[in-house]
Amino acid sequence: MVVSGDYPHLHPAVRPFVDEATEVRVRRIRTDRWIAYARANAALAAMEDLLTFPKRMRMPNLLLVGPTNNGKTMIVEKFRRAHPALTAVEAADGVAVLPVLRVQMPPGPDEGRLFGAILDGLGVPFGPRDRIAAKQDIAVRMMRATDTRLLVIDELHNLLSGTSMQQRRLLNLLRWLGNELQIPLVGVGTAEALRAIRSDDQLVNRFEPFALPVWEDDEEYRRLLATLEAALPLRKPSHLNDPVMAGRILAAAEGVLGEIIAVVVRAAVLAVETGTETISARMIEDAGFIRPSERRRVAV
Ligand SMILES: Nc1ncnc2c1ncn2[C@@H]1O[C@H](COP(=O)(O)OP(=O)(O)O)[C@@H](O)[C@H]1O
Ligand SMILES: [Mg+2]
């Protein structure tokens, strides 16, 4: 039974979970959750701005740039959830709406595959042998019909797996799509994606880069650790934002957000399973953890 005032190190909504069975708590700890941080909020606000931008010939675009596993897709998914689709049955006028459409740039990119990805995102069936022009036509008509107001192209760096000819054609296509639909585009990718965009004189002026750099030991990082700690149902405080702990976690994660979260989650699971109920600096090291760069070395 949780008495009010217990577990002050936890977010009030998390306190009731500390008395759950071990397996239940472990599952809860491992479940993805949204942790807010200033840079993510700023990116969400920038996308919100784009969404309310009046239609005009040249719409502004955004490019979320950062290393792999650093929270880019989580941000655009958070944004998409904030602007949910309505099915035809749910919509007041009986017409389905899909305000934010997210697609992934396919590897080995060509126009047919990109339109295929868009049609998949729209939930429109198509045949593998449908002509590109036909797919393009349906995709554009459906995006208009469902009132798509913002198109997110994730994994934009996949562009670079194409020949330079394919790259140019796809960049032209993106430019054309934005103009034709008069909607803003949000590109998402690594620094290589930025390089690809920069190779196109006309696109470079229209994509405003928004950087999501690797994390450093600063106030924002300490706040992230505090938020994370408050979200994990351990019975004792761990003081993750103490300088030594914060430093170890950052080093183990090599500054990448997905790894920061993964390291802490693994240590929290250990804390529950071993009954210590608090994460120690030692546990961060002992969490059976291989650094991202070492893992890459192991993988090859
Ligand atoms: N805001 C966040 N809150 C909680 N966990 C996050 C957040 N952002 C990223 N993560 C964690 O990091 C992992 C990688 O994030 P992701 O958005 O897929 O990275 P990217 O798209 O930059 O490669 C996610 O699976 C999640 O576990
Ligand atoms: Mg991603």
Side-chain angles (χ1 to χ4, degrees), residues 10-11 13-14 26-48 62-82 100-107 109 117 120-121 151-161 185-197 209-216 218 220-233 240-241 249-250 252-269 279 284 287 289-293 295-296 299:
L10 296 180
H11 189 279
V14 178
V26 165
R27 205 172 326 120
R28 210 179 275 288
I29 288 167
R30 286 189 175 138
T31 303
D32 252 348
R33 80 218 84 223
W34 171 258
I35 306 278
Y37 54 97
R39 199 72 192 140
N41 287 341
L44 291 169
M47 282 193 274
E48 204 62 56
L62 195 70
L63 186 65
L64 286 188
V65 191
T68 300
N69 206 14
N70 206 32
K72 302 183 298 299
T73 298
M74 284 283 278
I75 290 172
V76 292
E77 280 301 293
K78 173 87 176 161
F79 186 75
R80 200 169 62 95
R81 283 199 304 278
V100 177
L101 178 61
R102 180 176 80 94
V103 301
Q104 290 190 21
M105 181 59 76
D120 274 340
L151 175 63
V152 178
I153 303 123
D154 203 347
E155 312 288 343
L156 193 57
H157 43 263
N158 279 344
L159 258 185
L160 294 162
S161 64
L185 308 178
V186 174
V188 180
T190 59
E192 282 82 55
L194 185 58
R195 198 151 48 77
I197 294 281
F210 187 105
L212 290 161
V214 288
W215 288 69
E216 288 170 15
D218 55 14
E220 180 64 15
Y221 169 61
R222 300 291 181 90
R223 248 195 309 273
L224 176 86
L225 291 179
T227 313
L228 185 55
E229 178 169 345
L232 300 172
L240 296 182
N241 58 354
I249 295 165
L250 195 67
E254 297 180 344
V256 175
L257 177 59
E259 290 296 334
I260 293 168
I261 309 253
V263 171
V264 173
V265 161
R266 264 191 298 250
V269 167
I279 299 170
I284 295 291
F289 173 73
I290 310 174
R291 285 184 190 189
S293 55
R295 193 176 319 142
R296 276 193 295 279

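All ligand and atom numbering here is 1-based and tracks the order in the structure.
- Take a cut-off of 2.8 Å around the Mg ion (ligand 2): the protein N, O or S atoms inside it are Thr73 OG1.
- Interatomic distance, Arg80 CZ to Leu101 CG, rounded to the nearest 0.5 Å: 8.5 Å.
- Protein residues with a heavy atom under 4.0 Å from ligand 1 are Asp32, Arg33, Trp34, Ile35, Tyr37, Pro67, Thr68, Asn69, Asn70, Gly71, Lys72, Thr73, Met74, Leu257, Gly258, Ile261.
- For Ala226, the side chain to side chain contact (heavy atoms under 4.5 Å, CB included) partners two or more places apart in sequence, or in a different chain, are Asn241.
- Annotation: the span from Ile260 atom CD1 to Asn70 atom CG amounts to 7.5 Å, rounded to 0.5 Å.
- Scored by the salt bridge (Lys or Arg N to Asp or Glu O under 4.0 Å) test, Arg195 finds no partners at all (sequence neighbours excluded).
- The side-chain heavy atoms of Trp215 and Leu224, taken from C-beta on, include a pair separated by under 4.5 Å.
- Rounding to the nearest 0.5 Å gives a distance of 5.5 Å between CD1 of Ile284 and CD1 of Ile279.
- Judged by the 6.0 Å and 45° rule, Arg39 forms a cation-pi pair with Phe210.
- Note that the CG atom of Leu240 and the CZ atom of Arg222 stand 11.0 Å from one another [nearest 0.5 Å].
- Between Val265 and Arg33 there is a side-chain heavy-atom pair separated by less than 4.5 Å.
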